[in-house]
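Worksheet for the structure shown next.
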Amino acid sequence: MGQIRILLKDGSSRNYEQGVTLEQIALDISPRLRKAAVAGLVDGVMVDLTYRPQDGSVVEIVTEDSEEGLSVIRHTAAHIMAQAVMRLFDGVKLGIGPSIEDGFYYDFDLDHRLSPEDLERIEEEMRKIIAEDLPIVRVELPREEALRKVLDAGQSYKAELIEEFEDDTVSFYSQGEFVDLCKGPHLVSTGRLKAFKLLNVAGAYWRGDERNKMLQRVYATAFAKQSDLQAHLTRLEEAKKRDHRRLGRDLDLFSLHEEGPGFPFLHPKGMVIWNELLTYWHEVHARAGYSEIRTPIILNRGLWENSGHWDKYRENMYFTEIDGQDYAVKPMNCPGAILIYRNSLHSYRELPIRYAELGLVHRHEKSGTLHGLMRVRAFTQDDAHIFARPDQIQDEILGVINLIDDFYRTFGFSYHVELSTKPENAIGSDEIWELATESLRAALDARGIDYKVNEGDGAFYGPKIDFHLTDCLGRTWQCGTIQLDFVMPERFDLSYVGDDGDKHRPVMIHRVVFGALERFMGMLIEHFAGAFPVWLSPVQTVVMPVSEAHVDYAGSVAEQLRDIGVRCELDDRNEKLGYRIREARLQKVPYMLVVGDSEVSSQSVSVRARGQANAETVSLDSFIERIKREISERKLTP
RNA sequence: GCCGAUGUGGCUCAGCUGGUAGAGCAGCUCACUCGUAAUGAGCAGGUCGUCGGUUCGAGUCCGACCAUCGGCUCCA
């Protein structure tokens with residue numbers, strides 16, 4: 001056996017006997033590394049620890065504390081779970097079982113309906129498999145043989161996958177009696193799995209296609225250590241406390257009722273936030289050269305046929321009849337804006353025309369998809385339709401990107417961007433779509449924004465740039481969007497008079513910043529966990545007299561604050577101070593002002609800021625200055 | 001829409017194998033007049049999601065529907 005030279009990631013190199021495994025190399029580097037090792041990276045390719053590198057290979061040991069390492073652990077956990085399910089139930093057909101962010105899942109096709117109690121049984125069986133410490137072995141087979149193997153085992157879904165593979169060989173991993181088609185890598189044995197928990201069962205269509213059979217998906221998670229798992233479960237519990245549906249009720253912001261599923265009711269305190277958002281919105285849009293319009297909620301059939309909605313969007317629309325004629329409740333604001341544009345003749349000098357509209361739209365969402373304020377059936381879009389000359393497209397799109405970035409920054413949101421391309425049910429020619437998509441791409445590139453391409457997810461009339469925010473449980477929701485549309489102007493025969501005196505076709509940019517006000521509010525609630533910055537807080541201050549003797553002074557403090565527009569409540573209820581403070585804390589009021597003898601005599605207030613255990617006594621005037629400034633600057637803290 | 005789970009006073013929950021509902025918090029009343037996270041006592045509040053069935057009798061069993069929750073699909 002000859003010697004081989006292995007290059008390590010720190011640039012050093014070591015010599016080993018030929019046939020050395022990665023695990024042995026890890027042990028050679030340090031016993032601790034061997035213990036933390038879960039896989040290897042050889043010349044940039046993920047492999048098992050049992051892999052034997054060639055002379056001159058660059059080797060990196062993947063450890064359990066890295067992202068890749070964790071995903072190896074989870075992938076192995078998925079196999080162990082599948083093995084347990086196959087031991088417990090007959091006729092199990094396996095779908096796919098990948099590791100995902102925060103965990104893993106496996107899709108099963110079996111007649112038995114998995115219940116929460118079954119999850120406990122499966123966990124128990126998994127523990128047995130771990131105790132058996134079965135070696136996990138990789139086997140490579142020629143494609144045809146692999147296909148026969150899975151067909152013989154009755155694994156039709158796996159066969160479907162193999163049929164689509166392009167490689168000549170296919171790899172399997174086995175542990176004890178269990179074999180699964182898999183790329184790997186995996187832990188070296190089942191005993192290496194230390195911490196896992198099954199979370200829930202859900203239905204999932206095979207390959208995510210509604211036309212396919214629905215499989216049973218078991219969601220679970222796994223970590224390198226029990227303490228990491230515990231920390232993750234605790235985080236999930238904490239996240240639930242930020243849930244906007246819970247906070248919406250606790251803070252009395254909004255409610256949902258059986259009488260109108262998907263139609264949220266905003267309470268007075270919710271409306272304060274709503275109105276503050278819109279005040280800010282109006283300020284910024286006026287500065288950015290937008291003018292505001294308002295169009296009807298119900299418009300006739302002809303309009304929607306012309307726009308293409310009647311054909312392409314019907315499943316999402318609500319209909320009605322007036323004087324025997326068909327009408328539709330608007331699912332989008334664009335046709336209305338178009339009618340206003342078309343109402344008069346436009347010169348090239350006028351463009352771009354930016355019509356903003358706070359439009360209430362109704363869309364029929366499938367019942368299973370409704371979710372608090374995040375997904376509803378009636379919502380207000382902070383819409384705008386920009387009618388522009390082709391030479392203005394780039395500037396306008398960049399303008400909107402900057403506007404959205406400014407807005408999100410004001411709230412401290414971080415976001416990610418997606419570019420959605422031509423969908424199946426598109427209208428308009430390929431050339432037009434190509435041109436529109438490239439224009440959006442160019443704008444993103446010009447501004448150096450990272451984005452993910454979302455194939456086939458554009459609107460039926462044009463591609464779009466989507467801005468996504470993340471909720472308390474890590475789910476992302478599309479909020480802002482910019483859509484470039486060459487199709488509607490065509491369909492509605494829009495025009496402007498150019499400097500040559502001829503008619504020309506404008507382009508339309510549809511865009512929203514908040515997206516849906518309702519959804520954005522939901523995001524805000526979770527983002528701030530209900531502790532809104534002062535400018536957004538429904539109640540900005542609560543004044544609390546220590547006892548009855550201080551009620552007059554407290555009342556005058558409250559009045560002075562209200563006079564300058566501060567939302568202030570006087571809590572002079574016949575309750576102990578501690579009780580009232582507790583309540584104001586739970587309501588996440590930014591400032592509590594306690595006034596007693598000493599405050600009365602010095603015309604001051606004892607300020608207890610949200611999140612602060614200690615109060616600070618300042619003159620009323622200086623408090624007023626402070627809160628005024630925080631509100632006008634729309635400061636993020638406290 | 002599909003898969004699974006859940007549905008008892010405003011909120012959180014109890015109610016065993018069927019015998020016509022219970023607690024805490026919140027609310028109201030009274031007393032206490034109080035210095036930075038819950039003062040005490042009393043009162044009031046529920047067609048047990050809806051509809052139908054089984055039964056002498058249903059919150060408890062069965063069925064359908066509705067809503068909600070977690071996913072899938074879809075989307076702002």
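A note on names: the letters A, B, ... follow the listed sequences, proteins ahead of strands, and every chain is numbered from 1.
On the C1' atoms, B:C48 is 10 Å away from B:G9, given to the nearest whole Å.
OP1 and OP2 of B:C75 both lie 4.0 Å or more from every side-chain N or O belonging to A:Arg519. For A:Arg580 and B:C34, the shortest distance from a side-chain N or O to OP1 or OP2 is not below 4.0 Å. Close to B:G70, at under 4.0 Å from its OP1 or OP2, lies a side-chain N or O of A:Arg245. In terms of phosphate contacts, A:Gln478 brings a side-chain nitrogen or oxygen within less than 4.0 Å of OP1 or OP2 of B:A76.
Note: CG (A:Asp107) to C1' (B:C2) measures 14 Å, nearest angstrom. Between the P atom of B:A37 and the CG atom of A:Asp571 lies a distance of 15 Å, rounded to the nearest Å. Counting to the nearest Å, the P atom of B:C69 and the CG atom of A:Leu473 are 12 Å from each other.
A tilted orientation is assigned to the rings of A:Phe223 and A:His232, their planes being inclined by 30° to 60°.
The side chain of A:Arg217 approaches B:C72 more closely than any other nucleotide in the set B:A76, B:C72, B:U39. Considering only side-chain atoms of A:Arg608, the nucleotide from B:U73, B:G71, B:U36 that sits closest is B:U36. For A:Tyr205, the listed nucleotide lying nearest its side chain is B:U73; candidates were B:C66, B:U36, B:U73. If you check B:U68, B:G70, B:C75 against the side chain of A:Ala202, the one that comes closest is B:G70. Closest approach to the A:Lys464 side chain among B:A5, B:U33, B:A76 is made by B:A76 (side chain taken as heavy atoms from C-beta onward). You'll find that the side chain of A:Arg582 is closest to B:A38, out of B:A76, B:A38, B:G70.
Every pair tested for salt bridge (charged side-chain N to carboxylate O under 4.0 Å, His left out) that includes a residue from residues 517-528 of chain A fails, sequence neighbours excluded, so the list is empty.
As the counterpart of B:G24, B:C11 is assigned, both hydrogen-bonding distances of the Watson-Crick or G-U wobble pattern falling under 3.5 Å. Pairing for B:A64 goes to B:U50, judged as Watson-Crick or G-U wobble with the two contacts each under 3.5 Å.
Residue-level contact check: A:Val361 touches neither bases nor backbone, having no heavy atom under 4.0 Å from any strand.
Side chain A:Arg363 to base B:C75: no donor-acceptor pair is found below 3.5 Å. Residue A:Thr369 places no side-chain atom within donor-acceptor reach of the base of B:U73, judged by atom type and a 3.5 Å distance cut-off alone. If you check distances only, the side chain of A:Glu365 never reaches the base of B:G1 with a donor-acceptor pair under 3.5 Å.
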Please list, for nucleotides 27-29 of chain B, all pairs of protein and nucleotide N/O atoms separated by less than 3.5 Å.
none

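Remark: the A:Thr481 side chain and the A:Asp466 side chain contain an N/O donor-acceptor pair separated by less than 3.5 Å.
Residues satisfying the side-chain hydrogen bond (donor to acceptor under 3.5 Å, both in side chains) criterion with A:Asn402, sequence neighbours excluded, are A:Arg447.
The nearest heavy atom of RNA chain B to A:Met332 and to A:Arg207 marks one nucleotide each, and the one closer to the 5' end goes with A:Arg207.
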